[in-house]
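Okay, structure first, notes after.
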2 protein chains.
Amino acid sequence: MADTTKEKIIDLADHLIRTKGFNAFSYADISAPLAIKNAAVHYHFPTKGDLGISVIERELKNLALHIRKWEKMPEDQQLRKLIDVFQQRYKLGTICLVGSLTPDYDTLPAPMQAKVQEMCTGILQWMTQCLEKGRAQQRLHFEGEAYDRALMVLSNLLSSLLFSRVLGGSTFQRMSKQLAKDLI
Amino acid sequence: MADTTKEKIIDLADHLIRTKGFNAFSYADISAPLAIKNAAVHYHFPTKGDLGISVIERELKNLALHIRKWEKMPEDQQLRKLIDVFQQRYKLGTICLVGSLTPDYDTLPAPMQAKVQEMCTGILQWMTQCLEKGRAQQRLHFEGEAYDRALMVLSNLLSSLLFSRVLGGSTFQRMSKQLAKDLI
DNA sequence: AAATATACTGACTAATTAGTAAGTAAGCAA
DNA sequence: TTGCTTACTTACTAATTAGTCAGTATATTT
């Protein structure tokens, strides 16, 4: 996956944020598995906030890549693709960055808060457009403003991973199927 | 509010879990504001997990109290009452315990994980019954199984507080209004 | 009056935390 | 070959972490 040390650090940090949360992992959790020293992590990412920002930025790039790939698809297909992304997260036993970082928002360094905000508004903007266009073509069906519905849809995707973590079983499948049924 | 030291500790811990998260507050964050020593907190709650469990147990008692108060109301009213509870949380700038503790689930001591699970299944059970009875009386309207819908509704309430924290503005109002419109 | 329980304080500890500063080995450029 | 950059290691630090244990003042019980 990642060849450079820097990419390996981001990979691991991403996984730690999703599994333990930003405040529950330490530089040692990164340096030990990679068999490097604590200071090597600080060399690439002076502060923990810098590392967090890089993790979010990589996620934003990956998301932008996905979205561009889906551009020509009908909107109901795009929605299914996004649900697939969350399903892959579910299979890995991890939650989404929004679900992990928004509860800790007040404890994050200011530059990282800004990135979290950017991530949230970005995903919401895309989802709003997707819903709006999908409804115009009668491929998606819902009531109310598209932005409000986008909030609800992202809410359900986010929570499906949170609830799965605690309730286990078919929780994720139940929620994602119900979400698709409601809209398509 | 609370007169005994023990109750004051639970009050503060509750607030800290909701604002900073379980892993981002320390015994010092509790002892300092209450002008007591670190060891006094340990006297009442030997481990941090014990403190977390007490916070959840108090929340479960409060919730049970609310629910009993609403027992005779029609189900659409009960739902509005629950939304009101979340609105009060929103006004305080805090999130719900489920939203705060489920992302950190894997880092929690086992007995606390069990309590988090109990809390989730408990709220879901109530919500499922509320939705089911409400639909039978045609006071609430939705498609699919009541349990699946309960997951979605709690998802929206939880996320409305998370998103409000980051996006600010009218996010909470938008989501709670849309939720009520969808069901009632 | 003596014994016991409650609710602490004072004084610790061992481990972990993010972060720093100085040194070094390897590769590349002038 | 001299100098510079990259990517680290070694060796720290100051602060904070949850948790312990012995002592003490104040009620309460016997």
Applying the 4.5 Å side-chain criterion to the ILVMFWY set and letting contacts propagate, would Ile36(A) and Tyr43(A) be lumped into a single cluster?
no

Ring-face cation contact, Phe86(B) with Lys91(B), 6.0 Å cut, 45° max:
no

Between Tyr90(B) and Gln173(B), is any side-chain donor less than 3.5 angstrom from a side-chain acceptor?
no

Do Arg135(B) and Phe142(B) form a cation-pi contact, if we require the NZ or CZ to be under 6.0 Å from the six-membered ring centre and within 45 degrees of the ring's axis?
yes

Would you kindly check if the NZ (Lys) or CZ (Arg) of Lys6(A) is within the cone defined by 45 degrees around the ring axis of Phe45(A) and under 6.0 Å from the six-membered ring centre?
yes

Could you list all the side-chain hydrogen bond (donor to acceptor under 3.5 Å, both in side chains) pairs where at least one residue sits in residues 12-21 of chain A, not counting sequence neighbours?
Asp14(A)-Arg18(A), Arg18(A)-Glu59(A)

Under 3.5 Å, which protein N or O atoms sit close to an N or O of nucleotides 4-8 of chain D? Give each pair with its distance.
residue : atom : partner  : partner atom : Å
dA7(D)  : OP2  : Tyr43(A) : OH           : 3.4
dC8(D)  : OP1  : Thr5(A)  : OG1          : 3.4
dC8(D)  : OP2  : Thr5(A)  : OG1          : 3.1
dC8(D)  : OP2  : His44(A) : NE2          : 3.2

For chain A and DNA chain C, what are the first and last nucleotides along the strand, 5' to 3', with at least one atom under 4.0 angstrom from a heavy atom of the protein chain?
dT17(C) to dA21(C)

Could you tell me which residues satisfy side-chain hydrogen bond (donor to acceptor under 3.5 Å, both in side chains) with Ser155(B), sequence neighbours excluded, listed by chain and number?
Ser155(A), Asn156(A), Ser159(A)

Considering residues at least two apart in sequence or located in another chain, which fulfil the ring-ring contact (aromatic ring centres under 6.0 Å, His included) criterion with Phe163(B)?
none

Any cation-pi pair here, Lys48(A) with Phe22(A), using under 6.0 Å and within 45°?
yes

Which residues in residues 19-30 of chain A have at least one heavy atom lying under 4.0 Å from any atom of DNA chain D?
none

Looking at Gln178(B) and Asp148(A), would you say the former's side chain and the latter's main chain have a donor-acceptor pair under 3.5 Å?
no

